[in-house]
Number of protein chains: 2
Amino acid sequence: MAQSETVDRILDAAEELFAERGFSETSLRMITGRARVNLAAVNYHFGSKKSLIQAVFARFLTPFCLALEQSLDRLEAESSPHPPSLESLLKVLTQTVVAMPRHHDRSIAIYMRLQGLAYTQSQGHLREFLENEYSRTFGRFMGLLKEATPQLSAVERYWRIQFMLGATAFTMSSSEALSDILKNKLGVETAVEEIVARLVPFLTAGMQADPVRG
Amino acid sequence: MAQSETVDRILDAAEELFAERGFSETSLRMITGRARVNLAAVNYHFGSKKSLIQAVFARFLTPFCLALEQSLDRLEAESSPHPPSLESLLKVLTQTVVAMPRHHDRSIAIYMRLQGLAYTQSQGHLREFLENEYSRTFGRFMGLLKEATPQLSAVERYWRIQFMLGATAFTMSSSEALSDILKNKLGVETAVEEIVARLVPFLTAGMQADPVRG
DNA sequence: TCTGGACTCAAACGTATGTTTCAAACAAAT
DNA sequence: ATTTGTTTGAAACATACGTTTGAGTCCAGA
């Protein structure tokens, strides 16, 4: 099952179509059509549509989590003995995203959108899969986030993390469409790198706002 | 087509099911099953599934926009001759949401989740419908937002509004699930009112962060 | 050259979907 | 009581979906 040309073609097509249209709205026939492979190839190589969805995520999430772990190692070493600051954590996260090797120009936007869809579309099996596979890296980052915001109560921190997650996932999941709108309105081109550069100060300020209660 | 018992039952069931499962993942048979009406009733009363989706939105968005317009009238009158502040705008928005008449306890959470889904699920007809019907109120609010943040460049403001929208839509669209998680973890109950109370300072601080460039 | 496993292909299968049909039931007005 | 227009009901329709099948192709190793 290693590196078949067909497998990659399916993954490429599925990645794009899932990002464009969502999971349920994308049929295997659309995928195999764009990939120019036979319909049965999906079930032959992946077993089912659910497994294909998971495989799409695994292909970019596994190397990403590895890279993030290394980035966090470096950051923790640098700032030792103090815990990393909130801003440095967010910067490391976004830079690790941006630094990921990409198949083509739109790769980052696609990954971001997929990540957003993972939270929004109610695909129970996906949640479970991501939880099982990537909870360790995720948990490590959350722990560091906690150390970086000691002034927040656990409840306040919980909700603010959701706010951050929402702002990021939502914006990134529509980054291409939003960039196009902005171009039509003001004639300005925007790269993903610039969006995340604008995102970090926004999130940092939000996290450091005065809490509503102790 | 006015106020048939059947029509309301369908709208109630559709509202809940769409919020729980999304649009494509909810079949007309599920809806008519929960509403205990005949399958054909949907197409008879609404014409199509698409129109039903739009009707669900219209039922809560039309009175909401009316209420928001009035709230904005009041706010503008109060703060005249100065434009309303950013925080007052956000507060008015959230309070208008919270003050909406509700069919039952979960109504707000359901409306919020539907609003989030409207942005996330790729239902082209929905976007078009919302644009046609509610762009005036939406545009008015955006204009006031602009007056309230004169220090931001048009580009910076554009992106930060997207960040706000994302944090709100994302959090609200999963508010019930997130509240449940928090209850399991820390044993704390959370009402929608409390979430938006925490949201406003976060967004205000984010909007007022120092821009990355002039 | 032969063999066997990996892969591709066209076709079909079973099921679920949105929609349509048309007769029956109902309500209100004549 | 009869008629008229509206609403319901069970059934069927056409289509699209994920999946399976089985014959065919390819190619490395014996």
Side-chain angles (χ1 to χ4, degrees), chain A residues 1-59 114 117 121-126 128-129, chain B residues 1-59 114 117-118 121-129:
Chain A
M1 126 96 91
Q3 71 289 21
S4 148
E5 172 77 16
T6 303
V7 167
D8 286 334
R9 291 251 287 279
I10 293 175
L11 285 173
D12 288 340
E15 191 174 272
E16 291 178 23
L17 283 167
F18 286 153
E20 284 174 21
R21 321 177 30 99
F23 306 114
S24 316
E25 293 82 357
T26 302
S27 72
L28 294 185
R29 284 170 177 81
M30 292 180 199
I31 294 171
T32 55
R34 177 173 298 199
R36 280 177 295 118
V37 300
N38 189 271
L39 169 61
V42 171
N43 285 284
Y44 176 78
H45 286 287
F46 297 94
S48 69
K49 185 180 179 181
K50 287 185 182 181
S51 303
L52 170 61
I53 295 175
Q54 296 175 3
V56 166
F57 276 84
R59 187 168 66 152
L114 286 176
L117 289 182
Q121 314 244 120
S122 64
Q123 298 272 344
H125 68 97
L126 224 194
E128 203 175 332
F129 168 76
Chain B
M1 127 97 92
Q3 70 290 22
S4 149
E5 171 75 17
T6 303
V7 167
D8 285 334
R9 291 251 288 278
I10 292 175
L11 285 173
D12 289 340
E15 192 173 272
E16 292 178 24
L17 283 167
F18 286 152
E20 285 173 20
R21 319 176 31 97
F23 305 114
S24 315
E25 293 83 358
T26 302
S27 72
L28 294 184
R29 284 169 177 81
M30 292 180 198
I31 295 171
T32 56
R34 177 174 297 200
R36 279 177 295 120
V37 301
N38 189 272
L39 169 61
V42 171
N43 286 283
Y44 176 77
H45 286 286
F46 297 95
S48 68
K49 184 180 180 181
K50 286 185 181 180
S51 303
L52 170 61
I53 294 175
Q54 296 175 3
V56 166
F57 277 84
R59 186 167 67 151
L114 286 175
L117 289 183
Q121 314 243 120
S122 65
Q123 299 271 342
H125 68 97
L126 224 194
R127 254 178 227 267
E128 203 176 332
F129 168 77

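Residue numbering restarts at 1 for every chain, and letters A, B, ... go by the order of the sequence lines.
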Return the CD1 to CD distance between B/I10 and B/E5, rounded to the nearest 0.5 Å. 10.5 Å

Residues from residues 26-33 of chain B lying under 4.0 Å of DNA chain C - heavy atoms: B/T26, B/S27, B/L28, B/R29

Is the phosphate of D/dT7 approached by B/T6 (side-chain N or O, under 4.0 Å from OP1 or OP2)? no

What integer distance in Å separates B/H125:NE2 from C/dG18:P? 12 Å

Atom-pair distance (CD on B/E5; C1' on C/dA25), nearest Å: 18 Å

Return the CD to CZ distance between B/E15 and B/R34, rounded to the nearest 0.5 Å. 11.0 Å

Polar pairs (N or O, both sides) under 3.5 Å between protein and nucleotides 22-24 of chain D?
none

Write down the distance between CD (B/E25) and P (C/dG18), rounded to a whole number of angstrom. 11 Å

Look at the side-chain N and O atoms of A/H45 and state whether any lies under 4.0 Å from the OP1 or OP2 oxygen of C/dA6. no

For the residue pair A/L126 and A/F23, establish whether any side-chain heavy-atom pair is separated by less than 4.5 Å. yes

Would you say A/F46 and A/V56 make side-chain contact, with heavy atoms under 4.5 Å? no

What is the distance, to the nearest angstrom, from the CD1 atom on A/I10 to the P atom on D/dT19? 13 Å

For the pair made of CZ in A/R21 and P in D/dA16, what is the distance, rounded to whole Å? 13 Å

For the atom pair CZ (A/R59) and CG (A/D12), what is the distance rounded to the nearest 0.5 Å? 4.5 Å

Return the CZ to OG distance between A/R21 and A/S27, rounded to the nearest 0.5 Å. 7.5 Å

Closest non-hydrogen atom pair between B/A41 and B/T6, with its separation: CB-CG2, 4.0 Å

Are B/S4 and D/dT7 close enough that a side-chain N or O sits under 4.0 Å from OP1 or OP2? no

Please round to the nearest 0.5 Å and tell me the distance separating atom CG of A/N38 and atom OH of A/Y44. 12.5 Å

How close or far is atom C1' of D/dT25 from atom OH of A/Y44, stated in whole angstroms? 13 Å

Atom CZ of B/F57 and atom CG of B/L52: how far apart are they, to the nearest 0.5 Å? 11.0 Å

Taking CG from A/N38 and C1' from C/dC9, how many angstroms apart are they, rounded to a whole number? 5 Å

Between C/dT19 (P) and B/L39 (CG): distance, integer Å: 10 Å

